[in-house]
Colleague: 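The structure is given below, and queries will be raised subsequently.
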Amino acid sequence: MSRLPFELLLALRYLRPKRTFVSIITLISVVGVMLGVAVLIIVISVMSGFDRDLKAKVFGFNAHLKVLARGRTMENYALVASAVASNRNVKGVAPFVLAQVLLETQPASGQAMVLAPMVRGVDPQAEGRVSVLPSSIVAGQFDLDRHGLIVGTVLAENLNLRVGDHVAIYSPEDLKKAKENRGQEGGVVRPPSDYEIRGIFDAGYFEFNASVVIASLENAQAFYDLEESDSVHGLMVVLNDPYQARPVADELERTLGGGFKVTTWMEESPLMMAVLVEKNVMLYILFFIVIVAAFGITCTLITFIVMKTREIGLMKALGASSGQVMWVFLGQSLIVSVLGVAAGVSLGLLAIAYRNEFLSFMRRSTGLQLFPADVYGFSQLPALLVPGDIAVICGGSLIICLLAAAFPARYASRLSPVEALRHE
């Protein structure tokens, strides 16, 4: 004799494959739940991976906080850096100069190319404390001595630059003086600064690789005539916990006084906050797919109860309680739900494992870039399986399916044995 409860045993018997319309509806219900769960896992995992990789790339190149002087450049930055570094939440501090310049290539033959990238002046000794830039060199070396430059991989490719090539850099001050002296007899125009490409970096993020040039702090100060006052544009600060950025920023502003402003990574990179909000919104929206699939279970049970009305009456006449009858149909819904959720988890995990292979296949088949790197900033589709997210998806799907079965199961449990046995 089977040790299974009477209700579950009967539910399994009712679910035995038969060549009937009800069996087809049951199969469709399982497939609907499977697809809903699989889509939820795929989308939420991709959003989680995108959020993780975006933060890793941005945090690896940009700091968690930026300390700026209000309305002016920052003088005596070493003293300010010392005050910031004394905070217990601060992991590293480094000065920076960040502004736009005009860069012109100097090819041995052919036409020169011109671009207006952002130049970031860094202290080579301190930069390793706030970014992964020194360890991101893919060609050449992290050498900013004298007139050395480091450029991103995309910028180097676009301008056909290699290690050892020379470029001319025009600062805004150079262009301003050239404009003032234009047409003046005897006017002197300062020639552009000549720089050598010493290294090429890969920050892992398209925007950084395509639009940022790294120079030494001294050279960047010279672009904006900051070397005489030894001023910088600000300080980059790395924290032990980036999610404490706002409280630490408030604390540093109180310490430094009203002449300074501290911005957080959430203000500098709103895209990361947008990704987090979008992930939560997508979770709620995609749960409607499971809700629609759950209505298939409701329709299946209603059809089945109508077909089995006489058997329900016979069970109640033989002594089955209303609760037992209800659990027969709830058990049937539970089995369908568990099968659908299990199949959905398997399908979702399989799709996540082969996501990039699928994108490559679609690219070869259609010629379309479904995940262009210049738009999203990543060469491959990221994904991160978070056990908590999968648990929420599976648990929420099971609850939705059981709630969808509650009404027809309760209706079956309240059938009168006499009326049920009279049913034709």
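None of these values were measured; they are calculated from a predicted model.
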Colleague: Just by distance, do the side chain of Ser45 and the backbone of Ala383 share a donor-acceptor pair under 3.5 Å?
Modeller: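 Absent.
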
Colleague: Could you tell me whether Arg162 atom CZ has more than 12 heavy atoms of other residues or ligands within 6.0 Å of it?
Modeller: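 For Arg162, atom CZ is not crowded (no more than 12 foreign heavy atoms under 6.0 Å).
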
Colleague: With salt bridge (Lys or Arg N to Asp or Glu O under 4.0 Å) as the rule and sequence neighbours excluded, what pairs involving residues 389-398 come up?
Modeller: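 Qualifying pairs: Lys279-Asp389.
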
Colleague: So which atom in Leu256 and which in Val80 form the shortest heavy-atom distance, rounded to 0.1 Å?
Modeller: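 What the structure gives for the nearest pair is CD2-CG1, 4.1 Å.
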
Colleague: Restricting to non-hydrogen atoms, name the atom on Val238 and the atom on Ala63 that form the minimum distance, rounded to 0.1 Å.
Modeller: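 In this case the closest contact between Val238 and Ala63 is CG2-CB, 4.3 Å.
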
Colleague: Less than 3.5 Å apart, which donor and acceptor atoms pair up between the side chains of residues 87-103 and the rest of the protein, not counting sequence neighbours?
Modeller:
unit_1	atom_1	unit_2	atom_2	d
Asn87	OD1	Asn89	N	2.8
Asn87	OD1	Asn89	ND2	3.2
Asn87	ND2	Glu251	OE2	3.2
Gln100	NE2	Ala116	O	2.9

Colleague: Using salt bridge (Lys or Arg N to Asp or Glu O under 4.0 Å) as the criterion, list what pairs up with Glu196, not counting sequence neighbours.
Modeller: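 Here the qualifying residues are Arg198.
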
Colleague: Run the side-chain contact (heavy atoms from CB on, under 4.5 Å) test against Phe361 and tell me which residues pass, sequence neighbours left out.
Modeller: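 Listed in chain order: Arg364, Ser365.
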
Colleague: Given side chains that start at C-beta, do those of Ile393 and Leu283 come closer than 4.5 Å, heavy atoms only?
Modeller: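 With C-beta onward as the side chain, the pair touches.
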
Colleague: Any side-chain heavy atom of Tyr224 within less than 4.5 Å of one from Thr73?
Modeller: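 Side-chain contact under 4.5 Å: no.
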
Colleague: For the pair Asn219 (side chain) and Arg146 (backbone), establish whether a donor and an acceptor sit closer than 3.5 Å, ignoring hydrogens and angles.
Modeller: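 Here the side-chain-to-backbone pair exists.
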
Colleague: Quick one: does Phe208's side chain get under 4.5 Å of Asn62's, heavy atoms only?
Modeller: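 Counting from C-beta outward, Phe208 and Asn62 do come under 4.5 Å.
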
Colleague: Side chains of Leu68 and His233: does their closest heavy-atom pair fall under 4.5 Å?
Modeller: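 Heavy-atom side-chain distance check fails, nothing below 4.5 Å.
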
Colleague: Tell me every residue that passes side-chain contact (heavy atoms from CB on, under 4.5 Å) with Leu161, counting only those two or more places apart in sequence or in another chain.
Modeller: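 Applying side-chain contact (heavy atoms from CB on, under 4.5 Å) to Leu161 gives Thr105, Leu155, Ala156, Leu159, Asp165, Val167, Ile197.
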
Colleague: Does Leu115 reach the side chain of Asn158, with side-chain heavy atoms less than 4.5 Å apart?
Modeller: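 Heavy-atom side-chain distance check fails, nothing below 4.5 Å.
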
Colleague: Counting C-beta onward and ignoring hydrogens, is there a side-chain heavy-atom pair between Thr153 and Val138 closer than 4.5 Å?
Modeller: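 Thr153 reaches Val138 side chain to side chain.
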
Colleague: Who passes ring-ring contact (aromatic ring centres under 6.0 Å, His included) against Tyr77, sequence neighbours left out?
Modeller: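 ring-ring contact (aromatic ring centres under 6.0 Å, His included) check on Tyr77 returns nothing, list empty.
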
Colleague: Restricting to side chain to side chain donor-acceptor pair (under 3.5 Å), what partner residues turn up for Ser337, sequence neighbours left out?
Modeller: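 None.
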
Colleague: Salt bridge (Lys or Arg N to Asp or Glu O under 4.0 Å) with Arg246: which residues, sequence neighbours excluded?
Modeller: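 Listed in chain order: Asp250, Glu267.
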
Colleague: So Phe201 and Phe61, ring-ring contact (aromatic ring centres under 6.0 Å, His included) or not? Walk me through it.
Modeller: CA-CA 11 Å; Phe201 70 85; Phe61 196 79; 5.8 Å; yes

Colleague: Taking ring-ring contact (aromatic ring centres under 6.0 Å, His included) as the test, write out the residues that go with His166, two or more places apart.
Modeller: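 With neighbours one apart ignored, the set is empty.
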
Colleague: The criterion is side-chain contact (heavy atoms from CB on, under 4.5 Å); which residues satisfy it with Ile289, sequence neighbours excluded?
Modeller: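 With neighbours one apart ignored, the set is Val39, Leu286.
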
Colleague: Could I get the full list of side-chain contact (heavy atoms from CB on, under 4.5 Å) partners for Tyr284, not counting sequence neighbours?
Modeller: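 Tyr284 satisfies side-chain contact (heavy atoms from CB on, under 4.5 Å) with no residue once adjacent residues are dropped.
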
Colleague: Phe358 ring centre to Arg363 NZ or CZ under 6.0 Å, with the angle to the axis within 45°?
Modeller: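 Negative - Arg363 is either too far from the ring of Phe358 or too far off its axis.
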
Colleague: Answer whether the closest heavy-atom distance between the side chains of Leu144 and Glu218 falls below 4.5 Å.
Modeller: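 Answer no - side chains too far apart.
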
Colleague: Report the distance from atom OG of Ser397 to atom CD1 of Ile41, rounding to the nearest 0.5 Å.
Modeller: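 Spacing of OG (Ser397) from CD1 (Ile41) equals 8.0 Å.
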
Colleague: Partners of Phe260 by ring-ring contact (aromatic ring centres under 6.0 Å, His included), sequence neighbours excluded?
Modeller: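 Applying ring-ring contact (aromatic ring centres under 6.0 Å, His included) to Phe260 gives none.
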
Colleague: Arg410 versus Met326: any side-chain heavy-atom pair under 4.5 Å?
Modeller: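 Contact flag for Arg410/Met326 side chains = yes.
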
Colleague: If you count heavy atoms of other groups shown closer than 6.0 angstrom to CD of Glu357, is the number above 12?
Modeller: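 Correct, the count exceeds 12.
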
